[in-house]
Amino acid sequence: MTDTDRSLPTLTLPDAALAELDAAVVVLEGTSLPVRLAALVGGSVDALKRRLPEVAQRGLDEAVRRALEAAMQAALRSAPGRTGPLPNDWLHRGLIAASGVAGGAFGLPGTLLELPVSTTLLLRQVAAVAAEQGEDLADPQVQAECMKVFALGGRNPGDDDAESGYFALRVALAEAVQTAVGRGVAQFLPGFLGAIAARFGAPVAFKLSAQAAPVIGAAGGAAVNLAFLEHFRGIARAHFTIRRLERRHGPALVRAAYDRLRDQALVA
């Protein structure tokens with residue numbers, strides 16, 4: 001290293017940006033939703049898995065795809081880019097809790113029927129968070145990023161960190177997102193939708209397992225749906241905060257700072 005190299009300042013983010021990024025790291029690298037659901041209903045992850053009937057497990061992928069397709073179509077009809085953030089926070093919590101009550105009251109069949117409704121409500125909140133962070137919801141690229149939140153929030157306890165970390169998932173989905181740009185939210189390629197469904201299917205399986213338990217019922221359905229809302233809204237806020245910081249400070253600087261903060265959290 002030359003004297004000139006030693007005199008160069010080390011580039012870093014401002015303190016306020018680092019604080020925002022640190023909060024995002026905590027959310028994106030923190031406790032997975034399946035673990036939180038297991039704690040919520042008083043069981044283990046393995047026990048929740050066993051509660052889901054085999055016939056439901058076989059049809060889960062198709063159910064998740066249908067729910068995502070319905071959510072995209074509803075988002076398109078509501079034109080979020082022109083109307084701004086959709087429901088107020090308290091109203092949205094009430095809607096998604098009511099959806100969980102209706103689904104939980106009828107066990108597994110009811111939960112499967114309400115899945116497209118709750119997924120649409122989740123996507124609306126994701127879009128609202130994106131708008132708050134300065135995203136243009138009329139842009140197909142941003143619409144794709146909203147859908148990507150379902151994959152980013154689908155981490156499993158047993159996932160390989162090298163493959164399921166935040167930036168690893170962003171890279172894995174980047175090609176599909178680029179291909180979808182210009183086609184609109186209603187015409188995403190099957191490959192992109194399949195990649196999202198593959199990740200989102202894991203927490204949905206735990207949702208179905210939890211709400212299918214006889215002791216959970218309608219009240220538990222509301223609690224599970226609210227847990228979904230808080231989880232994916234937190235993932236959305238962290239994801240779109242990082243995108244805002246990248247626009248302002250550059251992707252390379254944000255990525256380097258993210259990696260440092262993540263490594264520090266692992267050591268602590």
Side-chain angles (χ1 to χ4, degrees), residues 21 24-36 45 60-69 71-72 75 119 122-123 126-127 129-130 133 135 139-207 228 231-247 250-263 265-266:
L21 187 61
V25 170
V26 170
V27 171
L28 294 167
E29 306 292 342
T31 303
S32 71
L33 182 57
V35 171
R36 292 173 61 187
V45 171
L60 181 61
D61 288 345
E62 183 60 28
V64 171
R65 280 177 176 269
R66 287 199 304 268
L68 290 172
E69 289 171 358
M72 288 191 295
T119 303
L122 289 174
L123 183 57
V126 169
V129 170
Q133 296 296 328
E135 303 279 1
D139 183 352
Q141 176 82 41
V142 174
Q143 295 169 359
E145 292 297 329
C146 288
M147 291 298 300
K148 205 158 71 174
V149 168
F150 289 119
L152 295 172
R155 186 167 57 86
N156 258 320
D159 284 348
D160 185 342
D161 288 340
E163 298 178 356
S164 67
Y166 171 68
F167 278 102
L169 282 175
R170 281 185 63 174
V171 170
L173 291 167
E175 183 177 349
V177 170
Q178 289 299 324
T179 306
V181 169
R183 296 174 180 267
V185 69
Q187 298 183 32
F188 279 130
L189 296 181
F192 176 72
L193 189 62
I196 301 298
R199 303 294 307 183
F200 186 48
V204 168
F206 284 97
K207 168 184 165 68
F228 257 66
H231 175 75
F232 284 101
R233 187 163 55 189
I235 295 291
R237 187 172 295 112
H239 174 53
F240 288 110
T241 293
I242 289 175
R243 281 175 54 85
R244 172 172 52 78
L245 293 175
E246 288 175 337
R247 292 193 297 272
L253 189 57
V254 172
R255 173 65 187 273
Y258 184 102
D259 288 343
R260 286 198 305 273
L261 290 169
R262 182 200 58 207
D263 293 343
L266 292 175

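Note that this is a predicted model, so its numbers are computed, not measured.
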**Asked** Which one of Val142, Leu123, Val126 satisfies the side chain to side chain contact (heavy atoms under 4.5 Å, CB included) criterion with Met147?
**Response** Leu123
**Asked** Parallel under 30°, tilted from 30 to 60°, perpendicular over 60°: which one fits the rings of Phe200 and Phe150?
**Response** tilted
**Fill in**
CG (Leu152) and NZ (Lys148) are apart, to the nearest 0.5 Å, by 6.5 Å
**Item:** Atom pair CD/CG of Glu145 and Asp139 - distance to nearest 0.5 Å
**Value:** 9.5 Å
**Message:** Could you check whether Tyr258 and Glu29, counting side-chain N and O atoms only, form a donor-acceptor pair closer than 3.5 Å?
**Reply:** yes
**Request:** Kindly write out the residues that satisfy side-chain hydrogen bond (donor to acceptor under 3.5 Å, both in side chains) with Arg255, not counting sequence neighbours, or none if the list is empty.
**Result:** Asp259
**Complete:** On a heavy-atom basis, the closest approach of Cys146 and Ala127 is SG-CA, 4.0 Å
**Heavy-atom closest pair, residues Gly153 and His231** = O-NE2, 2.9 Å
**Item:** Derivation and outcome, side chain to side chain contact (heavy atoms under 4.5 Å, CB included), residues Val27 and Arg237
**Value:** CA-CA 9 Å; Val27 171; Arg237 187 172 295 112; over 6 Å; no
**Request:** Working to the nearest 0.5 Å, report the span between OG1 of Thr119 and CZ of Phe228.
**Result:** 8.0 Å
**Item:** Value rounded to 0.5 Å, distance of CG in Leu21 from CG in Leu253
**Value:** 9.5 Å
**Request:** Return the minimal non-hydrogen interatomic distance between Leu173 and Ala151, and the atom names on each side.
**Result:** CD1-CB, 3.8 Å
**Prompt:** Looking at residues at least two apart in the chain, or sitting in another chain, which of them share a side-chain hydrogen bond (donor to acceptor under 3.5 Å, both in side chains) with Arg244?
**Reply:** Glu20, Gln133
**Message:** Restricting to salt bridge (Lys or Arg N to Asp or Glu O under 4.0 Å), what partner residues turn up for Glu69, sequence neighbours left out?
**Reply:** none
